[in-house]
Amino acid sequence: MPELPEVETFVRAVRPRLVGRRFLSARLSHDDVLRGVTRRSLLAGLRGARVVDVFRRAKHAAIVTARGTLVIQPGMTGSLTVRGRPAAAGEYAVLQVRLDRGGQLVYRDPRRLGTLLWLDAPGWEAYTGGLGPEPLDPGFSASGLGSILAGSRAAVKKVMMDQHALAGVGNIYAQEALFAAGIDPSKPARDVAPAGVRRLHRQLVRILRAAIAAEGSTVRDYRTGSGARGRFQFELKVYDREGEPCVLCGTLLSGTHAIDGRITVFCHRCQT
DNA sequence: ACGAGGTCCTGCGAGC
DNA sequence: TGCTCGCAGGACCTCG
């Protein structure tokens with residue numbers, strides 16, 4: 001599922017093919033992906049708009065035009081590409097926008113848990129302001145992470161995945177960072193000791209950077225901007241490995257649904 | 001402030 | 001083989 005590294009990967013792929021281009025006609029297959037915007041105003045806003053910037057914020061892709069910003073939150077199965085031909089039927093294309101000088105921006109989302117927003121400048125400021133800090137921002141420090149964790153008694157993994165607390169981290173990378181840092185995912189966030197916070201900060205940044213370098217993790221149907229599989233799934237140590245041996249100590253990995261109803265795999269011996 | 005549970009949506013794997 | 005069923009996921013909501 002697209003988390004920070006996966007969204008960063010397809011944003012990097014589409015950015016050079018979008019900036020400076022003008023949107024021609026747009027097609028939307030389903031209205032249920034829209035949040036706070038009607039089909040009519042989205043399509044009218046896109047038509048004729050010129051792209052001035054494309055970037056990632058948290059797990060969102062933001063496509064900025066002078067008229068408004070198209071925010072794509074890919075949810076679990078969403079992906080963004082620029083391609084030469086329109087998507088065929090059965091490719092789950094939700095939004096397709098024709099570009100001047102040829103090509104199409106295609107947002108695919110088989111399960112449509114993703115959402116599309118169309119925001120003006122103040123709307124974007126309010127939206128991004130409600131999200132937590134970027135973990136790969138140079139200003140994001142261990143003490144910054146520490147103050148986020150200190151503010152909650154909820155499970156540390158749940159806090160890491162809360163987009164209003166920390167941006168971009170989802171189920172895969174939260175589990176991997178907690179494993180690498182040797183921290184029990186169910187531990188109350190504010191009980192993580194300072195040394196643990198420093199390890200967690202270091203490991204989270206390391207893992208996110210490595211995942212971007214590997215163009216993300218293809219667990220199911222995520223693909224890079226060029227349609228290739230990511231390579232970071234081969235580096236995953238705990239995600240989807242319940243019952244398999246811990247790579248550090250050989251103990252069989254545990255799995256639980258007890259943290260926010262999401263599957264969490266961890267080593268009860270290495271993570272305390 | 002927290003956990004629990006429901007909602008959206010559909011592909012897929014499990015089970016019969 | 002062919003069906004039904006329940007799960008999976010992120011974000012958001014309500015309730016206790």
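Sequence lines set the chain letters: A, B, ... in the order given, protein chains first and strands last, and positions in each chain run from 1.
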* To the nearest 10 degrees, what angle separates the axes at the start and end of the helix from dC2(B)-dG16(C) to dC16(B)-dG2(C), five pairs each? ->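 Here the helix ends are tilted 50° relative to one another.
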* **Arg83(A) atom CZ: more than 12 heavy-atom contacts under 6.0 Å** =>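 Count over threshold, so yes.
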* Summarise protein proximity over nucleotides 10-16 of chain C in one line of letters, 5' to 3': B for base, S for sugar-phosphate only, - for none, counting protein heavy atoms closer than 4.0 Å. => BBS----
Between [atom2] on [N] and [atom1] on [X], what's the gap in Å once rounded to a whole number?
X: Asp191(A); N: dA1(B); atom1: CG; atom2: C1'; result: 15 Å
X: Arg108(A); N: dG11(B); atom1: CZ; atom2: P; result: 11 Å
X: Arg111(A); N: dC9(B); atom1: CZ; atom2: P; result: 14 Å
X: Arg190(A); N: dA1(B); atom1: CZ; atom2: P; result: 11 Å
X: Lys158(A); N: dG9(C); atom1: NZ; atom2: P; result: 16 Å

* Reckon Ala189(A) touches a base, only the sugar-phosphate, or nothing at all at heavy-atom distances under 4.0 Å? ->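 No contact.
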* Mind checking Asp109(A) for me? I need base, sugar-phosphate or nothing, with any heavy atom below 4.0 Å counting as a touch. =>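 Answer is nothing: Asp109(A) stays at 4.0 Å or more from every strand.
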Between [X] and [N], is there a contact of a side-chain N or O with OP1 or OP2 at under 4.0 Å?
X: His257(A); N: dA8(C); result: yes
X: Tyr92(A); N: dC9(B); result: no
X: Arg153(A); N: dA1(B); result: no

* Asked: Counting side-chain heavy atoms from C-beta on, which of dG9(C), dC2(B), dT10(B) comes nearest to Ser152(A)?
  ->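 The answer is dC2(B).
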* **Comparing Gly151(A) and Arg35(A) on DNA chain B - which has the more 5′ nearest nucleotide** =>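 Comparing both residues, the 5'-ward one is Gly151(A).
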Would you be so kind as to tabulate the donor-acceptor pairs closer than 3.5 Å made by side chains of residues 248-261 of chain A, with sequence neighbours excluded?
residue, atom, partner, partner atom, Å
Thr256(A), OG1, Ala258(A), N, 2.9
Asp260(A), OD2, Arg262(A), NH1, 3.3

* Approximate separation, where rounding is to 0.5 Å, of Thr115(A) OG1 and Ile72(A) CD1 ->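 Going from the OG1 atom of Thr115(A) to the CD1 atom of Ile72(A) covers 9.5 Å.
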* Asked: Is there a donor in the side chain of Ser25(A) and an acceptor in the side chain of Arg98(A), or the other way round, less than 3.5 Å apart?
  ->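 Side chains of Ser25(A) and Arg98(A): pair found under 3.5 Å.
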* Selection residues 189-205 of chain A - residue pairs positive for side chain to side chain donor-acceptor pair (under 3.5 Å), sequence neighbours left out ->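 Output for this query lists Gln203(A)-Arg206(A).
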* Asked: Should Lys157(A) and Thr264(A) be marked as a side chain to side chain donor-acceptor pair (under 3.5 Å) after you check the CA-CA gap, both sets of side-chain angles, and the distance that decides it?
  -> CA-CA 9 Å; Lys157(A) 178 189 175 228; Thr264(A) 304; 2.7 Å; yes
* To do: Dump the intermediate steps for side chain to side chain donor-acceptor pair (under 3.5 Å) on Tyr92(A) and Thr77(A), then the final yes or no.
  => CA-CA 10 Å; Tyr92(A) 307 102; Thr77(A) 52; over 6 Å; no
* Set of side chain to side chain donor-acceptor pair (under 3.5 Å) partners for Ser141(A), sequence neighbours left out ->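 Residues passing side chain to side chain donor-acceptor pair (under 3.5 Å) with Ser141(A): Ser143(A).
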For residues 124-132 of chain A, tabulate all N or O donor-acceptor pairs below 3.5 Å that involve a side-chain atom, not counting sequence neighbours.
residue, atom, partner, partner atom, Å
Tyr127(A), OH, His60(A), NE2, 2.8
Thr128(A), OG1, Arg57(A), NE, 2.6

